[in-house]
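This report refers to the structure that appears directly beneath it.
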Amino acid sequence: MASKESILQGVNVLGRIEESHRKILTPEALAFLALLHRSFNPTRKALLERRKLRQAELDKGALPDFLPETKHIRDDPTWKGAPPAPGLIDRRVEITGPTDRKMVVNALNADVWTYMADLEDSSAPTWDNMINGQVNLYDAVRRQIDFKQGQKEYKLRTDRTLPTLIVRPRGWHLEEKHVTVDGEPMSGSLFDFGLYFFHNAFETIKRGFGPYFYLPKMESHLEARLWNDVFNLAQDYIGMPRGTIRGTVLIETIMAAFEMDEIIYELRDHSSGLNCGRWDYIFSVIKKFRQNSNFVLPDRSCVTMTVPFMDAYVKLLIQTCHKRGVHAMGGMAAQIPIKDDPAANEKAMEGVRADKLREVRAGHDGTWVAHPALASIASEVFNKYMPTPNQLFVRREDVQIGANDLLNMNVPGKITEEGIRKNLAIGLGYMEAWIRGVGCVPINYLMEDAATAEVSRSQLWQWVRHGVTTAEGKRVDKALALKLLKEEADKLLAKAPKGNKYQLAAQYFATQVTGEDYADFLTSLLYNEITSPEGAKAAAKL
């Protein structure tokens, strides 16, 4: 085996290293990151190229279908995913949120069953956010995360078992430019996974759960295969039995919806199920078929979970998961309590209740909330209609979903000027916060993250590209989009505090709403605005 010193040659940490980071950025941990990078980065890059080739086919009018070469996997009823791991048998309510210290304490104190600590869509990947997130997770696993902020103390509760911790690393497309290996930036996925796993895998087992992950943004079973290879190498490297890790895959791309069986199959020794990532899924449908006029959707508010293509995706996901003995997790309730308007708050909470009731009756094994106050509503619904720890026995053999169902864009509704303005306001609001290093933003009593901003800008691009006409009779073209963008940006600027980033956000947004340029992801487009590499000299300070 190569020496640690030889492995570390070519590894540079370009971010600022504070005293608290040293327990994370140890030479041993960096050697593990280098091993992951050298072993898997070529495959990761090849799979990202494959995405581009598939996109080129879609741009020419091709439509996805279930893969003929993997039909034998779909048709074989005998294989199963891994049995539920300790702490993941009952997942009826999961809270999600970024990994800042206050959020981690509040989430672990919430009345929920699991906490998805998010290094992805609800975190802006500044160096400080990513490395401090690792410090906070390290301390949370060891129950050493209590702290004082001003006069307020944040302490983990001791009156009950804490929720099971699940970590979501960044998707395969994102890089971590503050750490380079052999002159290349690291994969954000491998950086996030590697540091958490290396430091915490054995400690999580000691504490009764395990190294558990949510895996985002995948577009094919080959990307799931790469994660499985990463898991196997990682477990072998530290001397942990294979099959200890668990990964729940977010089905949040239309391409992955056609490969759900195959994704579970690739991860079968490590699979803890699939999740309906609803906002990203809508974003993916618009993005993948943005050149196809048959896929133009109405205002975002019209694209609910009950429209045909969303309903088909949910049913197929539940049926597929339960056939393979793994959890089928529901989607996010993004609402935030409206404290100054009881009537509006009651209406919003009724919407949450109805959404959770739809999920539990459909056969989901659990659901997501973004705010601790919503946990009681979700728990009440799931406790009433799911007296068992999960619903893996609800096989949904009544469901018959084909490719046409997943691609059925018969969505009632109109495109309105109000819908355009809402998209602009949400996109600007989110991008402005993201550039400031905040990845989770309350807008109009909804907790918005990258996915909802992506839906907003993708719809605007699509509407301009295809020259749609609004319900008010206006043709949506580049001039109208830029005019309304300026008006919405001016409104936000007028009431924003000094030091805001709305002007910069509007400059970036203007490139994305004219039906011309289209960045693969907003987060990739904006990433250079929040990187702060301080030079390879930082590596020597380790």
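Note that these values count all heavy atoms, side chains included, but never hydrogens, waters or copies made by symmetry.
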Examine distances only and state if a side-chain atom of [X] and a backbone atom of [Y] form a donor-acceptor pair shorter than 3.5 Å.
{"X": "His466", "Y": "Val468", "value": "no"}
{"X": "Arg142", "Y": "Tyr138", "value": "yes"}
{"X": "Gln462", "Y": "Phe295", "value": "yes"}
{"X": "Asn275", "Y": "Gly330", "value": "yes"}
{"X": "His199", "Y": "Ile24", "value": "yes"}
{"X": "Trp463", "Y": "Leu297", "value": "yes"}

Can you check side chain to side chain contact (heavy atoms under 4.5 Å, CB included) on Met218 and Glu266, steps first, answer last? CA-CA 13 Å; Met218 274 194 262; Glu266 293 294 344; over 6 Å; no
Quick test of your reading of the model: are [X] and [Y] salt-bridged, counting only N-O distances below 4.0 Å?
{"X": "Glu418", "Y": "Lys422", "answer": "yes"}
{"X": "Glu487", "Y": "Lys483", "answer": "yes"}
{"X": "Lys288", "Y": "Glu219", "answer": "yes"}
{"X": "Lys60", "Y": "Glu57", "answer": "no"}
{"X": "Asp490", "Y": "Lys486", "answer": "yes"}
{"X": "Arg168", "Y": "Glu94", "answer": "no"}

Under a 3.5 Å threshold, yes or no: a donor from one side chain and an acceptor from the other, between Asn500 and Arg436? no
Asp118 and Ser122: side-chain donor and acceptor closer than 3.5 Å? yes
Working for side chain to side chain donor-acceptor pair (under 3.5 Å), residues Asp517 and Thr511: CA-CA 6 Å; Asp517 290 348; Thr511 69; 5.9 Å; no
Cation-aromatic face contact [X]/[Y], 6.0 Å, 45 degrees:
{"X": "Arg290", "Y": "Tyr518", "result": "yes"}
{"X": "Arg278", "Y": "Trp368", "result": "no"}
{"X": "Lys102", "Y": "Phe147", "result": "no"}

Distance in Å, [X] [atom1] paired with [Y] [atom2], rounded so as to fall on 0.5 Å steps:
{"X": "Thr126", "Y": "Ile435", "atom1": "OG1", "atom2": "CD1", "result": "13.0 Å"}
{"X": "Leu215", "Y": "Arg170", "atom1": "CG", "atom2": "CZ", "result": "14.5 Å"}
{"X": "Ile263", "Y": "Arg225", "atom1": "CD1", "atom2": "CZ", "result": "12.0 Å"}
{"X": "Met329", "Y": "Thr248", "atom1": "CE", "atom2": "OG1", "result": "7.5 Å"}
{"X": "Leu174", "Y": "Ser524", "atom1": "CG", "atom2": "OG", "result": "5.0 Å"}
{"X": "Leu485", "Y": "Leu480", "atom1": "CG", "atom2": "CG", "result": "11.0 Å"}

Residue pair Arg246, Ile166: steps toward the side chain to side chain contact (heavy atoms under 4.5 Å, CB included) verdict: CA-CA 9 Å; Arg246 287 292 185 276; Ile166 309 174; over 6 Å; no
Counting heavy atoms not belonging to [X], are there more than 12 under 6.0 Å from its [atom1]?
{"X": "Asn444", "atom1": "CG", "result": "no"}
{"X": "Lys478", "atom1": "NZ", "result": "no"}
{"X": "Lys45", "atom1": "NZ", "result": "no"}
{"X": "Gln503", "atom1": "CD", "result": "no"}

Looking only at heavy atoms, what is the nearest atom pair of [X] and [Y], with distance?
{"X": "Ala140", "Y": "Leu108", "answer": "CB-CD1, 3.9 Å"}
{"X": "Ile7", "Y": "Ala34", "answer": "CG2-CB, 3.8 Å"}
{"X": "Ala451", "Y": "Asp280", "answer": "CB-OD2, 3.3 Å"}
{"X": "Asp299", "Y": "Ile415", "answer": "OD1-CA, 3.3 Å"}
{"X": "Thr514", "Y": "Glu516", "answer": "OG1-OE1, 2.9 Å"}
{"X": "Gln459", "Y": "Pro298", "answer": "NE2-O, 2.7 Å"}

Do the two ring centres, one from Phe231 and one from Trp227, sit under 6.0 Å apart? yes
Is the distance between the ring centroids of Trp434 and Tyr508 less than 6.0 Å? no
Going through the checks in order, is the side chain to side chain contact (heavy atoms under 4.5 Å, CB included) test met by Thr531 and Asn528? CA-CA 5 Å; Thr531 52; Asn528 284 340; 4.2 Å; yes
Using the ring of each side chain (for Trp, its six-membered ring), is Trp127 parallel, tilted or perpendicular to His21, with breaks at 30° and 60°? perpendicular
Given Leu165, which of Thr114, Leu137, Thr204 fulfils the side chain to side chain contact (heavy atoms under 4.5 Å, CB included) condition? Leu137
Determine the sole option in Phe191, Phe32, Phe213, Tyr212 for which the ring pair (Phe, Tyr, Trp, His ring centres under 6.0 Å) test with Tyr196 is passed. Phe213
Any side-chain heavy-atom pair from Cys440 and Met447 closer than 4.5 angstrom? yes
Side chains of Asn292 and Leu58, heavy atoms from C-beta outward: is any pair under 4.5 Å? no
Only one of Arg51, Arg44, Lys217 clears salt bridge (charged side-chain N to carboxylate O under 4.0 Å, His left out) with Glu223; which? Arg51
Could you please spell out the steps behind the side chain to side chain contact (heavy atoms under 4.5 Å, CB included) verdict for Met431 and Leu526? CA-CA 8 Å; Met431 289 167 75; Leu526 300 173; 4.0 Å; yes
